[in-house]
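Working notes, beginning with the structure itself.
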Amino acid sequence: MPQRFSERVLAWWRRHGRKDLPWQREPTPYRVWVSEIMLQQTQVGTVVGYFDRFMARFPDLEALATAPVDEVLGLWSGLGYYARARNLHRAAQEAHVLHGGLPADLEALAALPGIGRSTAGAILALGHGRPASILDGNVKRVLARHAGIDGWPGETAVLHRLWALAEERTPEHEAGPYAQAMMDLGATLCTRANPCCGDCPVAADCVAQREGRQRELPAPKPRKTTPERETWMLLLYDAAGAVLLERRPPSGIWGGLWSLPEAASADEADARARELAGRTPATWQALPPFRHAFTHFRLRIHPLAGRLHGPAAVGVKDTAQVWYKPGQPPPGGIPAPVASLLEQPARAAATNDREDISQ
DNA sequence: AATGCGGGGTT
DNA sequence: AACCCAGCATT
């Protein structure tokens with residue numbers, strides 16, 4: 001029977017854990033608090049460049065509480081999530097007035113703006129050495145794997161299970177080192193992509209390790225229904241029946257391929273035609289729209305056909321345009337949905353993607 | 001319960 | 001180019 005979970009984690013941390021991050025030197029509740037706020041959804045390496053500068057300017061809670069908010073935001077700029085800085089400043093003022101400093105209990109801490117359950121636990125455990133639990137991304141990952149907890153942690157039920165486990169496993173003594181150890185375990189061994197289970201102190205009874213499910217846990221956020229974008233593709237024909245093609249930018253969707261000019265809406269078709277060919281067709285004919293699926297989104301294509309009358313079309317503006325006669329060898333690669341559109345403009349939808357015609 | 005916040009790293 | 005990161009507040 002292996003040792004208690006927390007004992008193994010702590011023993012590992014004493015040998016391999018991180019102990020000299022900026023906020024671990026002189027870990028006062030105030031410094032722990034500031035670091036925890038900076039570290040919300042922000043990686044350690046990023047925060048390292050900000051923490052000491054911030055502490056030099058605002059060495060204690062009173063310095064922060066009495067500073068202008070703009071100065072706080074100034075030292076935050078580049079970190080992102082600027083509401084964190086505003087909340088930090090407000091919380092400093094509230095704590096200063098209401099408690100004469102940072103409170104030292106879970107409820108009062110979590111009542112301050114920007115401090116939730118996990119950050120409050122971190123301040124107590126890391127800053128006061130009191131028994132309290134944290135549940136950040138690292139701990140979620142370690143616990144979900146070790147206990148084999150299925151489901152996305154964003155789901156309330158899963159989150160509740162994880163919190164229950166987190167508290168159940170927090171030792172009465174050394175909660176601070178334990179919290180740090182769990183984060184270090186998640187950050188250095190039990191990483192998202194390539195966990196080093198061979199070095200893990202709790203691999204012996206890890207469900208994910210036993211079942212080879214490290215890659216599946218914790219479950220990722222369910223993918224949203226692939227977003228749908230739409231575009232209007234212009235079939236601009238000249239008097240000879242050639243259609244104008246445009247070479248797409250080298251990178252991005254259909255990079256470097258020859259495709260139809262596009263407009264962001266039917267209303268912009270005329271303006272695009274003027275840009276491209278110097279004039280506009282008398283009328284546009286709307287062909288049946290259809291969908292094309294990419295990995296990350298679906299594109300709803302509205303073909304618009306128009307014939308340019310009068311003398312032969314003006315010469316192409318640059319090498320990124322060509323008048324292409326359907327049936328001739330193409331100037332280069334053509335995206336499949338565009339190719340089918342060129343072959344059978346009126347039937348493109350039917351031949352390309354029958355089920356996607358509607359809506 | 002779902003979404004916005006945000007710049008940066010990883011894959 | 002998603003996806004994620006020492007989460008929390010808001011809706």
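In the text below, chain A, chain B and the rest are named by the order of the sequence lines, each starting its count at 1. None of the values given here were measured: they were computed from a predicted structure.
Across all strands shown, A:T119 has heavy atoms under 4.0 Å from sugar-phosphate atoms exclusively, and none from any base. Contacts of A:W23 with the nucleic acid, taken as non-hydrogen atoms under 4.0 Å apart, include base atoms. No engagement by A:G154 is indicated, since no non-hydrogen atom pair under 4.0 Å with the nucleic acid exists. At the heavy-atom level, A:R141 lies under 4.0 Å from the strands shown only through sugar-phosphate atoms.
Atom NZ of A:K221 is separated from atom C1' of C:dG7 by 13 Å (rounded to the nearest Å). We find that CH2 of A:W76 is positioned 14 Å from P of B:dG7, with the value rounded to whole Å.
Of the two residues near DNA chain C, A:R117 and A:P220, the one whose nearest nucleotide lies more 5' is A:P220. The residue among A:R215 and A:G78 whose nearest nucleotide of DNA chain B is located toward the 5' end is A:G78.
Interface remark: the A:T42 side chain does form a donor-acceptor pair with the B:dG6 base, using a distance-only criterion of under 3.5 Å.
Rounded to the nearest Å, the gap between the C1' atom of B:dC5 and that of C:dC5 is 13 Å. Distance noted for atom C1' between C:dA2 and B:dG6: 16 Å (whole Å).
Using cut-offs of 30° and 60° on the angle between ring planes, the pair A:Y30 and A:W33 is perpendicular.
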Polar atoms only, N or O, under 3.5 Å: list the protein pairs with nucleotides 9-11 of chain C and their distances.
| residue | atom | partner | partner atom | Å |
| --- | --- | --- | --- | --- |
| C:dA9 | OP1 | A:G114 | N | 2.7 |

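Checked by atom type and distance alone, the side chain of A:K140 never pairs as donor or acceptor with a backbone atom of A:L159 at under 3.5 Å. In this structure, A:R272 contributes its side chain and A:A264 its backbone to no donor-acceptor pair below 3.5 Å.
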Side chain to side chain donor-acceptor pair (under 3.5 Å) evaluation trace for A:R18 with A:T188:
CA-CA 9 Å; A:R18 299 177 291 188; A:T188 65; over 6 Å; no
